[in-house]
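What follows is one structure encoded as structure tokens, with my remarks underneath.
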Amino acid sequence: MVVGAFPMAKLLYLGIRQVSKPLANRIKEAARRSEFFKTYICLPPAQLYHWLEMRAKMRLLGFNAEAVKPLNEDAAAELGAELLGEATIFLVAGGCLVLEYWRHQAHHGRRRRERHAAWEAMSDDVGRLALALDALQAQVRAAPAQSALEELQAQMREVRARLCALDPPSAPQATPKE
């Protein structure tokens, strides 16, 4: 029994997404432990996220959001690690969606090519049948019509009847004896 590719692909994507969560947790831990990773990878996005979030909240509440105090280094490192982990999961899921889309497009293109080939084959068949029909119609036109054949048979009967009327069958003649 052949297993379809679609369920296997879905299972593979689900497995990749499940693996991405522990991967994201490892990246978070590495970001918390490594000073370089924390300083240059985690802190800038965390501070930017905090700044945008606070400005949006202040504007929604009707306050002036001129100066937003930055987060302390530990809170920013924690927020940056969380953002990095979530971004990892999001990128893996987005990659899975892109791969599924490409797979679907390839399948759709293959089906479209198959339909086009079938259409071309049917079109060729219709063309051959049209030629065969034309040939048969020419043969029918070349053959004597049924009514003409019946007319010829009627004329033959008339001719036979006339011949029979003109030349009655002769009686057997006696041969003279010598």
Side-chain angles (χ1 to χ4, degrees), residues 1-140:
M1 179 164 95
V2 177
V3 177
F6 184 70
M8 294 304 287
K10 291 249 185 210
L11 187 61
L12 179 67
Y13 295 149
L14 180 63
I16 290 172
R17 283 193 357 206
Q18 290 299 324
V19 168
S20 71
K21 291 177 185 177
L23 177 67
N25 289 337
R26 282 186 178 255
I27 290 172
K28 286 183 211 177
E29 288 301 317
R32 289 183 188 115
R33 281 182 275 142
S34 170
E35 197 60 39
F36 172 80
F37 210 68
K38 185 188 314 182
T39 305
Y40 295 106
I41 305 296
C42 291
L43 290 180
Q47 292 293 358
L48 178 65
Y49 177 78
H50 173 70
W51 182 77
L52 289 172
E53 181 185 30
M54 291 308 291
R55 282 188 62 116
K57 283 181 181 178
M58 294 296 258
R59 283 195 178 152
L60 284 174
L61 292 174
F63 295 114
N64 189 6
E66 294 286 325
V68 176
K69 292 182 183 177
L71 285 174
N72 63 26
E73 191 172 312
D74 291 335
E78 185 68 29
L79 180 60
E82 287 294 321
L83 287 173
L84 188 60
E86 292 299 318
T88 302
I89 292 172
F90 178 75
L91 287 175
V92 168
C96 287
L97 285 174
V98 168
L99 288 174
E100 179 66 23
Y101 175 76
W102 285 345
R103 194 186 67 74
H104 176 72
Q105 287 299 99
H107 177 70
H108 182 68
R110 189 171 45 252
R111 282 184 44 211
R112 186 175 52 238
R113 285 189 298 275
E114 288 170 359
R115 281 195 308 260
H116 183 71
W119 177 262
E120 289 296 321
M122 284 192 305
S123 178
D124 291 344
D125 288 346
V126 167
R128 281 194 301 273
L129 289 173
L131 289 174
L133 178 64
D134 289 342
L136 287 174
Q137 285 177 339
Q139 285 178 351
V140 166

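Just so it is clear, the structure is predicted and the values come from calculations on it, not from any experiment.
Counting only distance, with no hydrogens or angles, the side chain of His50 and the backbone of Val68 share no donor-acceptor pair below 3.5 Å. Side-chain N or O atoms of Ser34 include none that pairs as donor or acceptor with a backbone N or O of Ala30 at under 3.5 Å. Formation of a donor-acceptor pair under 3.5 Å by the Gln47 side chain with backbone atoms of Ala76 is not found in this model.
When all heavy atoms are compared, the tightest approach of Ala81 to Cys42 is N-SG, 3.9 Å. Nearest heavy-atom pair across Gly80 and Ala46 is N-CB, 3.5 Å.
Remark: Tyr49 OH is loosely packed, at most 12 non-hydrogen atoms of other residues, nucleotides or ligands lying under 6.0 Å away.
Between Asp125 atom CG and Met122 atom CE the span is 8.5 Å, to the nearest 0.5 Å. The distance from atom CD of Glu120 to atom NE2 of His116, rounded to the nearest 0.5 Å, is 4.0 Å. Interatomic distance, Lys38 NZ to Arg33 CZ, rounded to the nearest 0.5 Å: 11.5 Å. Summarising the geometry, atom CZ belonging to Arg55 is positioned 12.0 Å from atom CG belonging to Leu60; distances are rounded to the nearest 0.5 Å. Taking CZ of Arg103 as the reference point, atom NE2 of His108 lies at 14.0 Å (rounded to 0.5 Å). To the nearest 0.5 Å, the span separating CG on Leu43 from CG on Leu48 amounts to 12.5 Å.
The shortest side-chain heavy-atom distance between Val140 and Leu136 does not fall under the 4.5 Å cut-off. Proximity of Arg115 to Trp119: side-chain heavy atoms (C-beta onward) are nowhere separated by under 4.5 Å.
Between Tyr40 and Phe36, the ring planes are tilted. Angles from 30° to 60° get that label.
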Asp134 and Gln137: CA distance, side-chain angles, deciding distance, side chain to side chain contact (heavy atoms under 4.5 Å, CB included) verdict: CA-CA 5 Å; Asp134 289 342; Gln137 285 177 339; 3.9 Å; yes

Full working for side chain to side chain contact (heavy atoms under 4.5 Å, CB included) between Leu129 and Leu133: CA-CA 6 Å; Leu129 289 173; Leu133 178 64; over 6 Å; no

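Between Arg26 and Glu29 there is no salt bridge, since none of the side-chain N atoms of the basic residue sits less than 4.0 Å from a carboxylate O of the acidic one. For Arg110 and Glu114, the salt-bridge test fails: no basic side-chain N is under 4.0 Å from an acidic carboxylate O.
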